[in-house]
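The structure displayed is predicted, hence computed values, not measured ones. Hydrogens, waters and symmetry mates play no part in the numbers below; they use all other heavy atoms, side chains included.
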Amino acid sequence: MTAQKTAPEKMDETDVIDLLLAQHAMIRDLFDEVEQAPADKRGEAFSRLVRLLAVHETAEEEIVHPYARRAIDGGDAVVEDRLAEENEAKELLMRMDEAGPEASDFARNLAMLRAAVEAHARSEERYEFTQLRGHTSEAERRGMAAGVKAAEAMAPTHPHPGTESATKNLLVGTPVAMMDRARDVIRQAMGKNP
Ligand SMILES: [Fe+2]
Ligand SMILES: [Fe+2]
């Protein structure tokens, strides 16, 4: 897989809904890649999946869900349900990370994680994004897409040429550490205090 395919910040989509749908497809592709990876490549592919999930879910939590809370009918309840799903997936991800890609139950847990993440993405698409598209202007959706991409560029899912040493420190460690780091850089990019 090329770096481009796991670089959500470099996607062409300028409407935030189109952008998030394309990222959901990217996540599905990366699950395929982890599932099909030979044993010696599995850990590396899984790390890329964890980084992509960390920046995607964190960008949604910091930029898209808060907007949906205000913009759509019953927004608070819709967003609370999505956050509960995201947390469930994160807990499983943490357990898998602790056990490592060599663990005997890795494939079974990966299948469970995939089912949870994909069900969550479908719920977002059905209950959140459709309404969000209907309740926002094109300019608002363009603005949100720019925000999501700027945030994701701050928390790259792969090293950029020439900046390896800087990015190496950025998103490494446990999934929780990655998500915390992604949240910090996204809040910085948005001009908020971490
Ligand atoms: Fe999400
Ligand atoms: Fe999502």
Side-chain angles (χ1 to χ4, degrees), residues 5-32 49-94 110-155 157 171 175-176 178-192 194:
K5 279 181 77 183
T6 50
E9 75 277 13
K10 291 194 178 153
M11 291 178 140
D12 294 331
E13 286 77 8
T14 54
D15 179 300
V16 74
I17 308 296
D18 297 339
L19 178 68
L20 295 174
L21 294 180
Q23 292 187 0
H24 286 175
M26 186 187 262
I27 290 167
R28 285 196 297 274
D29 287 349
L30 209 33
F31 268 111
D32 282 344
L49 174 66
V50 174
R51 288 197 297 272
L52 176 58
L53 285 172
V55 296
H56 172 80
E57 297 301 345
T58 308
E60 285 179 340
E61 286 170 17
E62 294 297 315
I63 296 169
V64 183
H65 295 332
Y67 213 99
R69 273 187 198 275
R70 297 191 299 273
I72 70 179
D73 300 331
D76 278 331
V78 170
V79 168
E80 289 304 325
D81 286 350
R82 298 299 77 76
L83 290 174
E85 293 160 0
E86 283 172 16
N87 285 333
E88 204 186 302
K90 279 178 202 168
E91 277 172 29
L92 183 53
L93 199 56
M94 284 187 285
L110 185 70
M112 273 170 58
L113 180 71
R114 181 172 194 154
V117 167
E118 291 187 357
H120 164 66
R122 279 195 300 276
S123 295
E124 283 181 335
E125 291 169 13
R126 193 171 301 159
Y127 303 116
E128 185 177 359
F129 298 170
T130 308
Q131 278 211 70
L132 196 59
R133 207 195 281 273
H135 285 80
T136 46
S137 66
E138 234 181 277
E140 285 174 294
R141 291 196 302 280
R142 263 203 312 276
M144 261 189 282
V148 167
K149 282 197 257 191
E152 289 174 338
M154 298 287 290
T157 54
L171 286 182
V176 176
M178 281 190 210
M179 284 170 198
D180 286 349
R181 183 72 187 124
R183 193 176 311 280
D184 285 351
V185 293
I186 286 172
R187 288 185 179 177
Q188 269 169 30
M190 294 170 71
K192 285 187 196 168

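Annotation: side chain of Glu85 is in contact with side chain of Ser123 (closest heavy-atom distance under 4.5 Å). Side-chain contact check for Met11 versus Met26: some heavy-atom pair is nearer than 4.5 Å. By the 4.5 Å heavy-atom criterion applied to side chains, Arg28 and Arg114 are counted as neighbours. Residues His24 and His56 have side chains in contact (heavy-atom distance under 4.5 Å, counting atoms from C-beta outward). Proximity of Glu124 to Leu20: side-chain heavy atoms (C-beta onward) are nowhere separated by under 4.5 Å. At a threshold of 4.5 Å between non-hydrogen side-chain atoms, the residues Thr136 and Tyr67 count as touching. Looking only at side-chain heavy atoms (C-beta outward), Glu60 and Val79 stay at 4.5 Å or farther from each other. The shortest distance between side-chain heavy atoms of Ile72 and Tyr127 does not fall below 4.5 Å.
Remark: Leu49 CG to Asp32 CG distance equals 10.5 Å, nearest 0.5 Å. Separating the CG atom in Leu132 from the CD atom in Glu125 is a distance of 13.0 Å, to the nearest 0.5 Å. To the nearest 0.5 angstrom, His120 atom NE2 is 8.5 Å from Leu83 atom CG. With values rounded to the nearest 0.5 angstrom, Asp81 atom CG is found 11.0 Å from Asp76 atom CG.
Taking every heavy atom of both residues into account, Leu113 and Ala89 meet most closely at CD1-O, 3.6 Å. The heavy-atom pair separating Leu21 from Arg133 by the smallest distance is CD1-NH2, 4.2 Å. Considering all non-hydrogen atoms of both residues, Thr14 and Ala145 come closest at O-CB, 3.2 Å.
A salt bridge links Glu80 with Arg69; the closest basic N to acidic carboxylate O contact falls under 4.0 Å. By the 4.0 Å N-to-carboxylate-O rule, Lys90 lies close enough to Glu61 to be salt-bridged with it. Salt bridge absent: Arg82 and Glu86 never bring a charged side-chain N and a carboxylate O closer than 4.0 Å.
No cation-pi contact links Arg126 to Phe129, judged by a cut-off of 6.0 Å to the six-membered ring centre and 45° from its axis.
With Leu53 as reference, Ile27 is the one residue of Leu30, Ile27, Thr58 to meet the side-chain contact (heavy atoms from CB on, under 4.5 Å) rule. In summary, of the residues considered (Ile17, Val16, Leu19), a side-chain contact (heavy atoms from CB on, under 4.5 Å) with Val64 occurs for Val16 alone.
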Report task. Might you work through the side-chain hydrogen bond (donor to acceptor under 3.5 Å, both in side chains) test for His65 and Glu128, ending with a clear yes or no? Result -> CA-CA 8 Å; His65 295 332; Glu128 185 177 359; 2.7 Å; yes

Report task. Could you give me the CA-CA distance, side-chain angles and deciding distance for Glu13 and Arg141, then say whether salt bridge (Lys or Arg N to Asp or Glu O under 4.0 Å) is met? Result -> CA-CA 11 Å; Glu13 286 77 8; Arg141 291 196 302 280; over 6 Å; no

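Under a 3.5 Å cut-off, the side chain of Glu152 and the backbone N or O of Ala59 do not form any donor-acceptor pair.
More than 12 heavy-atom neighbours from other residues, nucleotides or ligands sit within 6.0 angstrom of CD on Glu118.
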